Amino acid sequence: MASATYLVQHDTALTNSHITLSVAQTQALRNQLKTQRGILNAQDIAHLCAQFDVSVDALLQGLVPLAAEFAVAPVSQFHVGAIVKAVDGNNETHFYFGANVEFNQQALSLVVHGEQSAINNAWLNGAKKIEKIAISDAPCGYCRQFMNELADAKQLDILLPEQHFKLTELLPHSFGPTDLGNQFSLFNPAPQTRRFTDNTIDPQLARVALAAYVPYSQNYSAVKISTVADGDFYGSYAENAAYSPSLSPLQSALSQLFLAGGSFDKHNVTGITLLETAGHENQAGVAHAVLASFAQLPPLQVISASLS
């Protein structure tokens, strides 16, 4: 089953009230999104707006069904797509795609929500400020709480197929970082001045871990998934003031892999590494639980390293 609004349109033309593409154009865009790991950059957006004579926001909403095609939903069969419109350090606008990810025979609390996936994609790939998020369906309470951790949560525009809202309209009496005495937020983290003392750690894995948003546990952590066909995928830990909507580094990395159209199986995955901060470890248990959904994967390598 697709979302309540959109049909997932594999091998068909993308056509809705915002945009109309041919079968060939739709397939080309699907392939481009996989190659670019679920991101359309400023040049891509400008080209598509000119090609199809649409505004940036019409393109944003029109492409949501393609985001939903990246969903992995073996439990619900409900495919949620989301696209974040965000600006980078050069004030250029990019689109970051996301979709829900579920795990067979595991607690439903381990799922990655579509909105989380899109925000995670933006966060990991250089976005500095999220302006809007277009979603195939109304965000659940869990996602509203996750979005409330954003630095610009009060200004965030949420675009649904038939309605537009500010996050504050959907979450009017919110609980957020400042309620726990946290002056920082996702996309506005505390300055990082520390380093891991173990110099043998993959530098990229260490960098992603040090960029984690962990004001509540201080467990700077990240995951690296190595594959045969698609390269390496990294995920970082993003905490939430309400705790439960936090996104684990393994969930973060898996979402990135699926947005690239990658396969998470014994034929493609060659290694999975979790890096945690010594004395603050809290991710190995959830990582093992998620990985139990998949057969014959390489064993999880866990590194616990001190900071200096």
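Source: prediction; values computed, not measured.
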### Message
Using only atom types and a distance under 3.5 Å, with no angle test, would you say the side chain of Gln256 pairs donor to acceptor with the backbone of Tyr234?
### Response
no
### Message
Could you walk me through whether Asn104 and Val75 satisfy the side chain to side chain contact (heavy atoms under 4.5 Å, CB included) test, starting with their C-alpha distance in whole Å, then the side-chain angles of each, then the deciding distance to 0.1 Å, before giving a yes or no?
### Response
CA-CA 6 Å; Asn104 269 327; Val75 181; 4.1 Å; yes
### Task
Tell me, yes or no, whether the heavy-atom count around Gln105 atom CD, taken from other residues, nucleotides or ligands under 6.0 Å, exceeds 12.
no
### Task
Determine whether Pro298 and Thr270 make a side-chain contact, defined as any pair of heavy atoms from C-beta on separated by less than 4.5 Å.
no
### Task
Kindly say whether Val72 contributes a backbone atom to a donor-acceptor pair with the side chain of Glu102 at under 3.5 angstrom?
no
### Task
Using the rule that two of Ile, Leu, Val, Met, Phe, Trp, Tyr join whenever any of their side-chain heavy atoms come within less than 4.5 Å, decide whether Phe52 and Val64 are in one cluster.
yes
### Query
Less than 6.0 Å separating the ring centroids of Phe70 and Phe97?
no
### Task
Begin from the C-alpha positions of Arg30 and Leu66 and carry the test side chain to side chain contact (heavy atoms under 4.5 Å, CB included) through to its verdict.
CA-CA 7 Å; Arg30 285 190 183 103; Leu66 288 186; 4.1 Å; yes
### Message
Tell me whether Val111 shares a hydrophobic cluster with Met147, the cluster being built from Ile, Leu, Val, Met, Phe, Trp, Tyr side chains joined at under 4.5 Å.
### Response
no
### Query
Taking Asn90 for the side chain and Glu92 for the main chain, is one N or O donor matched with an acceptor at less than 3.5 Å?
no
### Query
Do Asp88 and His94 have side-chain atoms, one donor and one acceptor, less than 3.5 Å apart?
yes
#### Entry: Distance-minimising heavy-atom pair for Gly98 and Ser117
CA-OG, 3.2 Å
### Task
Indicate yes or no for a side-chain donor-acceptor contact from Thr227 to the backbone of Asp230 under 3.5 Å, with no hydrogens or angles considered.
yes
### Message
Can you tell me which residue among Val101, Val112, Leu110, Leu300 is in a side-chain contact (heavy atoms from CB on, under 4.5 Å) with Val290?
### Response
Leu110
#### Entry: Validation row: Glu169, Ile158 side chains within 4.5 angstrom (heavy atoms)
no
### Inter-residue atom distance Cys143.SG - Leu167.CG, 0.5 Å rounding
11.0 Å
### Query
Mind checking whether Leu250 and Leu274 have side chains closer than 4.5 Å, heavy atoms only?
no
Listed pairs under 3.5 Å, donor-acceptor, residues 189-196 side chains, sequence neighbours left out:
unit_1 : atom_1 : unit_2 : atom_2 : d
Gln192 : OE1    : Arg194 : N      : 2.9
Gln192 : NE2    : Leu210 : O      : 3.1

#### Entry: With sequence neighbours excluded, residues passing ring-ring contact (aromatic ring centres under 6.0 Å, His included) with Phe175
none
### Query
Do Leu160 and Tyr96 belong to the same hydrophobic cluster, where Ile, Leu, Val, Met, Phe, Trp and Tyr are linked whenever their side-chain heavy atoms lie under 4.5 Å apart, directly or via other members?
yes
### Distance in Å, Lys166 NZ paired with Lys154 NZ, rounded so as to fall on 0.5 Å steps
12.5 Å
### Query
For the side chain of Ser76 and the backbone of Phe78, is there at least one donor-acceptor N/O pair under 3.5 Å apart?
yes
### Query
How many angstroms lie between atom OG of Ser255 and atom CG of Asn120, to the nearest 0.5 angstrom?
5.5 Å
### Query
CG of Leu59 to CG of Asp53: how many Å apart, nearest 0.5 Å?
12.0 Å
#### Entry: Heavy-atom closest pair, residues Asn268 and Ala229
OD1-N, 2.9 Å
### Lys132/Gln61 under side chain to side chain contact (heavy atoms under 4.5 Å, CB included): CA gap, chis, key distance, verdict
CA-CA 10 Å; Lys132 300 181 180 183; Gln61 290 196 266; over 6 Å; no
### Query
Hey, is the main chain of Gln145 close enough, under 3.5 Å, to the side chain of Asn240 for a donor-acceptor pair?
yes
### Summary
When every non-hydrogen atom of Ala241 is compared with those of Glu149, the smallest separation belongs to N-OE1, 2.9 Å
### Message
Has His280 got a side-chain atom pairing as donor or acceptor with Ser217's backbone, closer than 3.5 angstrom?
### Response
yes
### Query
How many angstroms lie between atom CG of Leu254 and atom CZ of Phe264, to the nearest 0.5 angstrom?
4.5 Å
### Message
Would Gln116 and Ile119 count as a side chain to side chain contact (heavy atoms under 4.5 Å, CB included) here? Give the steps.
### Response
CA-CA 5 Å; Gln116 285 183 304; Ile119 292 169; 6.0 Å; no
### Task
For Asn148 and Pro177, work out which heavy atoms get closest and say how close.
O-CD, 4.0 Å
### Query
Side chains of Ser304 and Glu281: donor-acceptor distance under 3.5 Å anywhere?
yes
### Query
Any side-chain donor paired with an acceptor under 3.5 Å for Ser226 and Asp232?
yes
### Message
Please check this pair: side chain of Thr273 against backbone of Lys224, looking for a donor-acceptor N/O pair closer than 3.5 Å.
### Response
no
### Message
If we ignore hydrogens and angles and just use 3.5 Å, is the side chain of Asn100 paired with the main-chain N or O of Val80 as donor and acceptor?
### Response
yes
### Query
Can you hop from Phe184 to Val214 via hydrophobic side chains spaced under 4.5 Å?
no
### Leu297 side, atom CG; Asp265 side, atom CG - distance, nearest 0.5 Å
7.5 Å
### Message
Are the side chains of Phe187 and Asp152 in contact, using a 4.5 Å heavy-atom criterion?
### Response
no
### Query
Does the side chain of Ile83 reach to within under 4.5 Å of the side chain of Leu159, using non-hydrogen atoms?
no
### Query
Salt bridge between Asp57 and Lys85, side-chain N to carboxylate O under 4.0 Å?
yes
### For Gln36, the option from Asn125, Asp44, Asn31 that meets side chain to side chain donor-acceptor pair (under 3.5 Å)
Asp44
### Query
Side chains of Val87 and Glu131: does their closest heavy-atom pair fall under 4.5 Å?
yes
### Hydrophobic cluster membership, Phe233 vs Phe294, 4.5 Å side-chain cutoff
yes
### Task
Output yes when a side-chain donor or acceptor of Ser252 lies under 3.5 Å from a complementary backbone atom of Ser236, and no otherwise.
yes
### Message
Does the plane of the ring in His113 sit parallel, tilted or perpendicular to the ring in Tyr142? Use 30° and 60° as the thresholds.
### Response
parallel
### Query
Which atom pair, heavy atoms only, marks the closest approach of Ile45 to Thr93?
CD1-O, 3.6 Å
### Message
Measuring only between side-chain heavy atoms, which start at C-beta, is Ile130 closer than 4.5 Å to Trp123?
### Response
no
### Task
Could you tell me which non-hydrogen atom of Gly62 sits nearest to which non-hydrogen atom of Leu14, and how far apart they are?
O-CD2, 3.6 Å
